[in-house]
Number of protein chains: 2
Amino acid sequence: MATYSEIQDWLRAGIREGRWRAGDRLPSEAELCAQFQVSRMTVNRALRELQQLGLVRREQGRGSFVAELTRVAARLELRDLHASASERGHHHASEVLALRRESASAEVAHALGLRAGAPVFFCRLLHREQGEPLQIESRWVLPAAAPDFLAQDFRARTPTAYLLDVAPLTAAQFQIEAVAADAEQAGLLGINPGAPCLLVQRLTHGAMGPVSWARLLHPGGRYVLQGSFQP
Amino acid sequence: MATYSEIQDWLRAGIREGRWRAGDRLPSEAELCAQFQVSRMTVNRALRELQQLGLVRREQGRGSFVAELTRVAARLELRDLHASASERGHHHASEVLALRRESASAEVAHALGLRAGAPVFFCRLLHREQGEPLQIESRWVLPAAAPDFLAQDFRARTPTAYLLDVAPLTAAQFQIEAVAADAEQAGLLGINPGAPCLLVQRLTHGAMGPVSWARLLHPGGRYVLQGSFQP
DNA sequence: CAGTGGTCTAGACCACTAC
DNA sequence: TAGTGGTCTAGACCACTGA
C-alpha cells in the first residue's frame with residue numbers, strides 16, 4: 001500500500017540519484033501498480049502530476065520517460081514591495097510624490113487601451129526598504145476600475161495592495177530592461193545620473209479589462225531579481 | 001455526460017465572464033457531478049487541476065473558491081539565443097573571443113562549488129542578432145561535466161545548446177540585475193562605457209551537480225525580458 | 001449533524017505504439 | 001497482438017467545517 005505522493009517521491013528520488021537519466025523510460029503504470037500494491041488510478045495520478053511539473057514526459061502506447069529540459073525556465077514573481085520586505089523582516093516605507101488626475105499621454109493611452117487625452121489617475125511613490133531608496137513607482141490607473149484611487153493614503157497601503165483589493169487581477173504582462181537614471185530619478189534614488197537601473201513595466205488586467213500600468217524603477221546595485229528551477 | 005476538460009472549460013468561462021468573482025464559492029463537487037452527469041472522480045480532477053494552475057483555491061470542509069491573485073507571476077524562460085533568434089526569423093552569429101582552460105577565481109569557484117584555483121574551462125563569446133551585438137557570454141564549465149568543451153566550434157552551436165546535449169539540465173538558478181558596461185564591454189557591444197546593461201547570471205546543474213556558470217551581458221536598449229500571466 | 005474536499009479501489013473501454 | 005497511457009465509473013472511507 002502506498003499513496004500517490006509516496007510514488008512521486010520514489011520516482012523523484014530515482015531521477016535525482018541518476019537511477020533514470022533524462023530520456024530513460026520509467027516503469028509502466030502496471031509495473032508501479034504491482035510494486036506499490038495500488039490501483040492504476042493512483043499510479044496514473046502520480047505520473048500525470050509529474051508530467052504537469054515538467055519532470056516526466058508521457059507518450060500513449062510507448063511509456064513514461066524522464067523529461068529532457070531544453071530551456072531554463074522559472075517562475076518569476078513580481079510582488080508587492082511591502083509584503084516582500086515584511087517577509088524578510090525589513091522595514092518598508094513609501095513617500096507619496098504625486099497623486100492626481102491627468103490626461104493620458106500617447107504612451108499611457110496605448111498601454112491602457114484608451115484614447116490619448118482621456119482622464120487617468122496617476123501616482124508616483126518613492127519606496128524605501130530599511131531606509132534606502134529601492135523603487136520609484138509611477139502608476140497610471142483607469143478611473144473606472146478604481147474610482148476612489150485618489151482618496152487613498154498610499155503610505156499606509158501600497159497601490160499594488162489597494163488595487164488587488166478593489167480590482168482583483170485576472171492577467172498581467174511585464175517587461176524588464178536596464179535603463180539609465182535621469183537626473184531627477186537619480187536624485188530620488190540617491191545615485192548618480194546615468195547610473196544603471198532595472199526598469200520593470202507591468203500592465204495588469206481585471207475582469208473588466210486593463211486596470212493599471214506601472215513603471216517600477218530600481219537602482220541597479222540594490223535590486224536583483226532571482227529565480228530558480230528545480231523540477 | 002462530459003469530460004473533465006469540458007468541466008474545466010465551463011468553469012474557466014464562468015470566471016472569465018465574471019459569473020464568479022475572485023473569492024466566490026464555486027459549485028461543489030456533488031453539484032457538478034449532478035449537473036454534468038459524471039462521477040465524482042472526474043469533477044475532482046477538473047477542480048484539482050484548476051487549483052494546480054492557481055485559478056481555484058480549495059478548502060476541505062468548506063468548498064472551492066475562485067482564487068485571488070496576490071502576486072504577479074509568470075513563467076520566465078531564459079533560452080538559447082540561437083533558438084530564440086531563429087524563431088523570430090532573425091539571423092544569429094557568434095564570435096568566439098576566448099576558449100581556454102583557466103584556474104578558478106574565488107568567485108567562479110564559489111559559484112561552481114570548487115576550491116579556488118581548480119581547473120575550469122572558460123569561454124567568452126559575442127553574440128549578434130541581425131548583425132547587432134546582443135550579448136557577451138562569459139561561461140565557466142566544470143571539466144568533468146563536459147570534457148570535450150574546448151574542442152567545440154561555438155560559432156556552429158552555442159555553448160548552451162552543446163551543454164544541453166552532453167549534460168542534460170536538472171536544475172538552474174538565475175539572477176537578473178542592471179549594471180554599467182565597462183570600457184571593454186562597451187567596445188564589444190558598441191555602446192558607451194557606463195551605459196546600462198542587463199546582466200543575467202545563470203548557474204546550471206546536471207545529474208552530477210553543478211555544470212556551468214554563465215554571465216550574460218546585454219546592452220540595455222536592445223534586450224528586454226518579457227513575460228505574461230494568464231490564469 | 002450534513003456537507004465539503006482528499007484519497008483510493010477494481011474494474012472498464014479506448015487510442016496508440018511496436019513488433 | 002500485447003503493452004502502453006487517457007479517461008471514466010460507482011462506489012468507499014476519511015478529515016475537516018460550520019450550523
Side-chain angles (χ1 to χ4, degrees), chain A residues 1-16 19-70 168 231, chain B residues 1-16 19-70 168 231:
Chain A
M1 296 301 175
T3 66
Y4 77 95
S5 57
E6 287 164 355
I7 300 170
Q8 286 177 342
D9 290 344
W10 183 78
L11 290 167
R12 301 180 87 117
I15 292 170
R16 191 176 51 246
R19 176 166 169 189
W20 304 287
R21 301 304 199 83
D24 287 357
R25 227 196 91 178
L26 294 166
S28 71
E29 294 191 351
E31 287 165 339
L32 291 169
C33 288
Q35 174 175 345
F36 286 95
Q37 289 293 298
V38 295
S39 73
R40 213 190 120 204
M41 275 301 274
T42 303
V43 164
N44 181 273
R45 177 175 173 185
L47 283 165
R48 182 159 29 83
E49 289 189 0
L50 291 180
Q51 178 184 35
Q52 285 161 350
L53 290 172
L55 193 54
V56 164
R57 169 172 52 83
R58 311 190 73 196
E59 291 179 39
Q60 195 172 63
R62 303 224 309 132
S64 301
F65 305 84
V66 179
E68 301 91 353
L69 301 185
T70 60
Chain B
M1 297 300 176
T3 66
Y4 77 96
S5 57
E6 287 165 354
I7 300 170
Q8 286 178 340
D9 290 345
W10 184 77
L11 291 167
R12 302 180 86 119
I15 292 169
R16 190 177 53 245
R19 175 165 169 189
W20 303 287
R21 301 304 199 85
D24 287 358
R25 228 197 90 178
L26 294 167
S28 71
E29 294 191 351
E31 289 165 339
L32 290 169
C33 288
Q35 175 176 344
F36 287 95
Q37 289 294 297
V38 295
S39 73
R40 213 190 120 206
M41 275 300 274
T42 302
V43 165
N44 181 273
R45 176 173 174 185
L47 283 166
R48 181 158 31 80
E49 290 189 359
L50 291 179
Q51 178 184 35
Q52 286 160 350
L53 289 172
L55 195 53
V56 163
R57 169 172 51 84
R58 311 190 74 195
E59 292 180 39
Q60 196 173 65
R62 302 224 310 130
S64 301
F65 305 84
V66 179
E68 302 90 354
L69 300 186
T70 61

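Protein chains get the first letters and strands the later ones, always in sequence-line order, with residue 1 at the start of each.
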inquiry  = Heavy atoms only, 4.0 Å cut-off, all strands: where does R40(A) land among base, sugar-phosphate and nothing?
reply    =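 The residue R40(A) makes base contact.
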
Touch check for R57(B), heavy atoms < 4.0 angstrom, all strands: base, sugar-phosphate only, or nothing?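 R57(B): no heavy atom of the nucleic acid under 4.0 Å.
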
Starting at [atom1] of [X] and ending at [atom2] of [N], how long is that distance when rounded to a whole Å?
X	N	atom1	atom2	value
R58(A)	dG6(D)	CZ	P	4 Å
N44(A)	dT7(D)	CG	C1'	8 Å
E6(B)	dT7(D)	CD	C1'	12 Å
E49(A)	dG5(D)	CD	C1'	16 Å
E31(B)	dG5(C)	CD	P	8 Å
E59(B)	dG6(C)	CD	P	10 Å
R45(B)	dC8(D)	CZ	P	7 Å
Q51(A)	dT4(D)	CD	P	17 Å

Below the 4.0 Å mark, does [N] have OP1 or OP2 next to a side-chain nitrogen or oxygen of [X]?
X	N	result
S64(A)	dG5(D)	yes
T3(A)	dT7(C)	no
Y4(B)	dT7(D)	yes
T42(A)	dT9(C)	yes
S39(B)	dG11(D)	no

Self-check item: R57(A): salt bridge (Lys or Arg N to Asp or Glu O under 4.0 Å) partners, not counting sequence neighbours
Solution: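 So R57(A) forms a salt bridge (Lys or Arg N to Asp or Glu O under 4.0 Å) with E59(A), E68(A).
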
If you define the side chain from C-beta out and look only at heavy atoms, does anything of M41(A) sit under 4.5 Å from R45(B)?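 No, their side chains stay 4.5 Å or more apart.
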
(message) Taking the side chain as everything from C-beta on, heavy atoms only, tell me whether R19(A) gets closer than 4.5 Å to V66(A).
(response)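 A side-chain contact is absent here, since even the closest heavy-atom pair is not under 4.5 Å.
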
- Item | Atom of R25(A), atom of W20(A) and distance for their closest heavy-atom approach |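 Smallest interatomic distance, heavy atoms only, reads O-CD1, 3.8 Å.
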
Check nucleotides 16-19 of chain D against the protein and report each pair of N or O atoms closer than 3.5 Å, with its distance, or say if there are none.
| unit_1 | atom_1 | unit_2 | atom_2 | d |
| --- | --- | --- | --- | --- |
| dC16(D) | O4' | Q60(B) | OE1 | 3.2 |
| dG18(D) | OP1 | R62(B) | NH1 | 3.4 |

Item to check | Pairing residues for R40(A) by the side chain to side chain donor-acceptor pair (under 3.5 Å) criterion, not counting sequence neighbours | outcome: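 Once residues adjacent in sequence are excluded, the partners of R40(A) under the side chain to side chain donor-acceptor pair (under 3.5 Å) criterion are E29(A).
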
(Q) Counting only heavy atoms not in R21(A) (residues, nucleotides, ligands), do more than 12 fall under 6.0 Å from its CZ? (A)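 It does not: R21(A) CZ has 12 such atoms or fewer within range.
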
- Task: Verify, without hydrogens or angle tests, whether Q8(B) (side chain) and A46(B) (backbone) share a donor-acceptor contact under 3.5 angstrom.
- Result: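 Pair found, side chain donor or acceptor close to backbone of A46(B).
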
